[in-house]
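Since we're looking at a predicted model, the values are computed, not measured.
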Amino acid sequence: MHEAAPILSIVAGDHTRLGAIFDGQGVNFAVFSENATKIELCLFSPDGQRETARVALPDRTGPVWHGYVPGLKSGALYGYRAHGPYEPDRGHRFNPMKLLADPYARAFHGEWHAAKETLGYDLAVPERDAGPSQIDSAQFVPKSIVPEPETPWSGTPAPRRSWSETVIYEAHVKGLTQLHPDVPENLRGTYEALGCDAIIAHLKKLGVTALELLPVHAFLDDGFLVERGLTNYWGYNSLGFFALEPRYLGPNGVDGFRHAVDRLHAAGIEVILDVVFNHTAEGDHRGPTLSFRGLDNAAYYTLQASHSRYYVNDTGCGNTVAVHHPFVLRMVLDSLRYWVTVMGIDGFRFDLATTLGREPHGFDLHGGFFDAVRQDPVLSRCKMIAEPWDIGPGGYQLGGFPADWGEWNDRFRDTTRKFWRGDAHAARELAGNLLGTASIFDHSGRKPYSSINFVAAHDGFTLADVTRYREKHNEANGESNADGHGHNLSDNCGVEGDTRDTAILARRAQRARNLLATVFLSQGTPMLLAGDELGRTQRGNNNTYCQDNETSWINWADADSGLLDFAKRLIALRRDNPVLRQGHYLHGRLRQDELPDVEWFSLKGGALNWRDSSLDGFCLLIRGGVESALSQSGTVAIVVNGGESDKCVTLPDPTADQQWKRVLDTAAPTAPAAIVTERNRQPIATHSLVVFVGAQVTA
């Protein structure tokens with residue numbers, strides 16, 4: 001039994017701000033639970049090992065329990081215990097023996113332990129999870145920390161890059177910096193390293209405008225991974241939506257993160273966070289009771305209507321956060337605003353974003369979450385990016401998000417991989433990719449930037465591995481290679497994995513350039529996986545979520561300098577030719593000069609038969625939309641030859657007072673730009689993509 005703790009002085013306090021708020025004289029505590037019968041506040045010794053006081057929050061306003069402790073200082077350690085019914089069949093799992101983290105905690109003291117003591121149910125009861133555990137969990141969970149008064153962001157203002165100039169670089173904090181030789185050793189693998197000169201210089205020289213970070217919210221290592229000696233490297237297992245994951249803190253703690261954001265902003269680079277609000281680390285009904293489940297299981301999670309003992313699992317992670325609940329929605333919005341107004345963040349990528357739009361009747365574009373973001377004076381100005389699917393009914397929603405959102409376009413990824421490995425029927429889809437996948441996104445006033453174009457991301461093969469492996473090789477994950485996606489649309493070019501065959505190596509290198517070129521020459525928003533520009537390989541592992549080691553870290557010492565130079569050239573080409581990043585979709589409409597904004601030709605200059613399954617080449621001529629000033633639009637011709645032989649193309653006439661300049665060739669990546677003196681029979685090598693730009697004729 002728990003030894004009685006000293007009596008703590010506490011008064012009613014304020015319900016309007018959730019979390020622990022230090023005002024200089026004391027601390028106000030407020031926490032949401034609409035089904036609890038009592039909430040107790042527990043204070044702990046500075047080492048977190050001893051409970052020093054326990055007191056019930058004395059007042060309740062609606063579903064918010066609150067109290068004010070005079071004289072308490074910032075830095076105090078605390079947690080909650082929630083009383084109420086333990087009736088899993090009715091959705092209630094209250095158990096005051098379990099110490100609970102504050103959902104609004106800004107930081108935690110101690111580490112999470114995958115221990116049986118954190119389970120809310122008694123393992124000895126024959127029917128699993130039917131009876132409450134009588135074991136106190138306080139020694140096995142971190143304590144929430146009362147924060148200092150928050151200081152609004154005062155660093156370098158947000159760069160506020162337009163979508164049309166945005167180039168996203170998806171990276172992991174540790175994976176990006178751990179092995180960089182020019183990052184100080186004591187900073188490697190930390191948030192602070194993101195602001196180091198070496199990292200910023202690389203991003204700037206590459207042409208990146210936005211750094212998208214894999215989850216930095218506090219998260220847990222899954223118990224089954226700990227048993228295998230592994231960790232949750234990616235971090236898609238959140239528990240603290242306001243707290244930085246402590247394993248990446250550097251010498252200056254949270255301030256180090258803010259300093260890195262400040263330096264990135266000063267370099268003109270936005271910072272986007274990958275956030276996980278679709279599920280939590282508490283898992284299914286057999287998982288631990290750490291915070292939300294113990295505070296109010298029936299409110300924080302979506303439960304099965306036919307049997308409230310079990311969770312709706314639209315996420316595939318055991319539970320689904322009930323974002324449609326007003327106070328859960330409030331928590332999500334408060335978290336997002338915190339990262340913008342206090343930490344300086346510029347935007348968010350939402351993991352399994354369909355879940356956020358799920359109302360009781362299903363996915364709803366006009367649901368509470370989307371409406372709230374549209375109306376929020378802070379969040380409505382941020383870049384919002386959806387992973388537009390979950391595994392629930394109607395979960396695939398590509399093209400179904402708000403007009404000003406970007407969406408990960410997996411159709412782009414798949415079609416681009418298909419075409420360049422030689423699949424039949426892929427040319428027509430690739431052509432649609434080059435114009436921003438209008439068939440999916442061009443509705444409701446949406447813009448081409450809605451399509452986030454990529455061929456590789458953290459989840460799946462790297463760019464290099466798309467050309468090196470036909471099959472996944474995930475044995476190191478300890479799941480007998482059963483994990484990870486089996487439909488990779490990859491090809492090893494003749495040999496699985498490493499080879500010294502120069503012909504195969506050359507073919508792989510050119511295919512990688514083709515894939516990259518397709519990303520950066522397409523209308524929409526390009527996204528590059530960190531390290532792909534350097535030829536990074538994961539040795540065929542397409543699910544490195546648990547590989548916190550050199551499998552996942554960028555090996556800067558083994559960089560492919562040729563591919564890096566080519567990537568820089570591609571990004572600069574996109575930057576310098578606005579016609580490649582139009583603000584409206586192109587559909588062949590006539591401009592003021594009576595020329596269509598876009599045209600398609602066969603390599604011989606005639607019409608195309610898009611229904612021809614063997615079609616493997618075409619020419620795309622982009623003159624620019626009718627909305628653009630003609631003097632600023634420019635002209636670009638993109639010529640694609642996916643066939644097995646060299647071919648020639650007859651270039652269409654450029655616009656008046658222009659001549660063609662051959663500026664990029666994936667088969668000759670170092671060839672300098674050159675004026676075309678004869679537009680007929682321009683050579684196009686097998687398996688290549690060539691770009692011509694209309695250059696002004698000089699007298």
Side-chain angles (χ1 to χ4, degrees), residues 161-170 208-210 212 270 272 274 347-354 357 365 370 382-389 396-420 426-460 463 489 515-529 532 570-571 574-575 577-587 597-598 620 622 624-625 627 636 638 640 689:
R161 295 277 200 166
S162 68
W163 274 106
S164 66
E165 64 179 334
T166 296
V167 176
I168 298 173
Y169 191 77
E170 190 203 24
V208 166
T209 70
E212 181 178 305
E270 295 179 312
I272 297 171
D274 194 335
F348 302 92
R349 180 266 188 188
F350 295 90
D351 182 62
L352 300 182
T354 297
L365 175 61
F370 297 126
C382 296
K383 283 189 169 71
M384 298 292 186
I385 300 171
E387 182 183 40
W389 52 77
Y396 190 73
Q397 291 291 332
L398 182 67
F401 282 77
D404 53 350
W405 282 50
E407 300 180 35
W408 273 28
N409 188 348
D410 62 321
R411 298 272 186 91
F412 181 100
R413 175 199 63 200
D414 293 352
T415 296
T416 304
R417 290 185 182 186
K418 286 179 185 177
F419 179 85
W420 288 114
R428 183 174 182 175
E429 290 185 55
L430 184 79
N433 284 356
L434 288 168
L435 292 185
T437 320
S439 61
I440 292 175
F441 292 102
D442 189 10
H443 63 84
S444 308
R446 301 199 73 172
K447 302 295 182 67
Y449 68 69
S450 300
S451 177
I452 306 296
N453 301 327
F454 66 102
V455 290
H458 71 273
D459 187 359
L463 173 68
L489 300 170
L515 292 165
L516 271 187
T518 306
V519 170
F520 287 100
L521 297 174
S522 295
Q523 304 294 323
T525 304
M527 184 181 81
L528 180 67
L529 174 63
D532 274 358
L570 266 177
I571 296 174
R574 178 185 180 83
R575 180 197 63 216
N577 291 275
V579 72
L580 294 173
R581 42 190 178 88
Q582 292 285 287
H584 295 81
Y585 282 98
L586 306 175
H587 291 290
D597 55 21
V598 63
L620 167 62
I622 310 175
E627 299 84 3
V636 169
I638 300 172
V640 171
L689 183 154

Looking only at heavy atoms, what is the nearest atom pair of Pro448 and Gln582, with distance?
CG-O, 3.6 Å
Close side-chain approach of Val636 to Leu620, heavy-atom, < 4.5 Å:
no
Would you mind reporting whether Gln397 and Leu365 have side-chain heavy atoms less than 4.5 Å apart?
no
Give the minimum heavy-atom separation between Ala353 and Ala386, together with the two atoms involved.
CB-CB, 3.6 Å
Kindly give the heavy-atom pair with the smallest separation between Ser164 and Arg581, and that separation in Å.
O-CD, 2.9 Å
Rounded to the nearest 0.5 Å, what separates atom CG in Asp404 from atom CE in Met384?
8.5 Å
List for me each residue that meets side-chain contact (heavy atoms from CB on, under 4.5 Å) alongside Ser451, sequence neighbours excluded, and say none if there are none.
Asn409, Thr437, Phe441, Asn453
Enter the distance from Leu398:CG to Ser450:OG here, rounded to the nearest 0.5 Å.
10.0 Å
Arg161 atom CZ, over 12 foreign heavy atoms within 6.0 Å:
yes
Just say parallel, tilted or perpendicular for the rings of Trp163 and Tyr449, cut-offs at 30° and 60°.
parallel
Can you list the steps and then say if Leu463 with Val455 is a side-chain contact (heavy atoms from CB on, under 4.5 Å)?
CA-CA 7 Å; Leu463 173 68; Val455 290; 4.1 Å; yes
Would Phe520 and Leu580 satisfy side-chain contact (heavy atoms from CB on, under 4.5 Å), going step by step from the backbone distance to the final call?
CA-CA 8 Å; Phe520 287 100; Leu580 294 173; over 6 Å; no
Side chain to side chain donor-acceptor pair (under 3.5 Å) partners of Ser522, counting only residues at least two apart
none
Least distance between heavy atoms, His587 atom then Ala438 atom
CE1-CB, 3.7 Å
Rounded to the nearest 0.5 Å, how far does OG1 of Thr354 lie from CZ of Phe401?
4.0 Å
Is the shortest heavy-atom distance from the side chain of Val519 to the side chain of Thr416 under 4.5 Å?
no
With sequence neighbours excluded, tell me which residues meet side-chain contact (heavy atoms from CB on, under 4.5 Å) with Ala210.
Thr166, Ile168, Glu270, Ile272
Considering non-hydrogen atoms only, spot the tightest contact between Ala456 and Asp532 and give its length.
CB-OD2, 3.3 Å
For Arg411, enumerate each residue passing the salt bridge (Lys or Arg N to Asp or Glu O under 4.0 Å) test, keeping only those at least two apart in sequence or located in another chain.
none
With a 4.5 Å heavy-atom cut-off, do Asp410 and Tyr396 have their side chains touching?
yes
Salt-bridged, Arg575 to Glu165, with N to O below 4.0 Å?
no
Would you call Leu435 and Tyr585 a side-chain contact if the rule is heavy atoms closer than 4.5 Å?
no
Do Ile622 and Gln523 pass the side-chain contact (heavy atoms from CB on, under 4.5 Å) test, and can you show the C-alpha distance, the side-chain angles, and the key distance before you say yes or no?
CA-CA 11 Å; Ile622 310 175; Gln523 304 294 323; 4.0 Å; yes
Do the non-hydrogen side-chain atoms of Trp408 and Arg349 ever get within less than 4.5 Å of each other?
yes
Return the OH to CG distance between Tyr169 and Leu529, rounded to the nearest 0.5 Å.
8.0 Å
Partner residues of Thr415 under the side chain to side chain donor-acceptor pair (under 3.5 Å) criterion, sequence neighbours left out
Glu429
Given the rule in the side-chain contact (heavy atoms from CB on, under 4.5 Å) test, do Leu528 and Phe454 qualify, once you have shown the distances and angles that lead to the verdict?
CA-CA 7 Å; Leu528 180 67; Phe454 66 102; over 6 Å; no
For residues Phe350 and Glu387, determine if any side-chain heavy atom of one lies less than 4.5 Å from a side-chain heavy atom of the other.
no
OG1/Thr518 to CZ/Arg413 distance, rounded to the nearest 0.5 angstrom?
15.0 Å
Hey, are the side chains of Trp420 and Leu689 touching, using non-hydrogen atoms and a 4.5 Å cut-off?
yes
Between Val167 and Val208, what is the shortest heavy-atom contact and its length?
O-CG1, 3.7 Å
According to salt bridge (charged side-chain N to carboxylate O under 4.0 Å, His left out), does anything in residues 433-459 pair up with another residue at least two apart or in another chain? List the pairs.
Glu407-Arg446
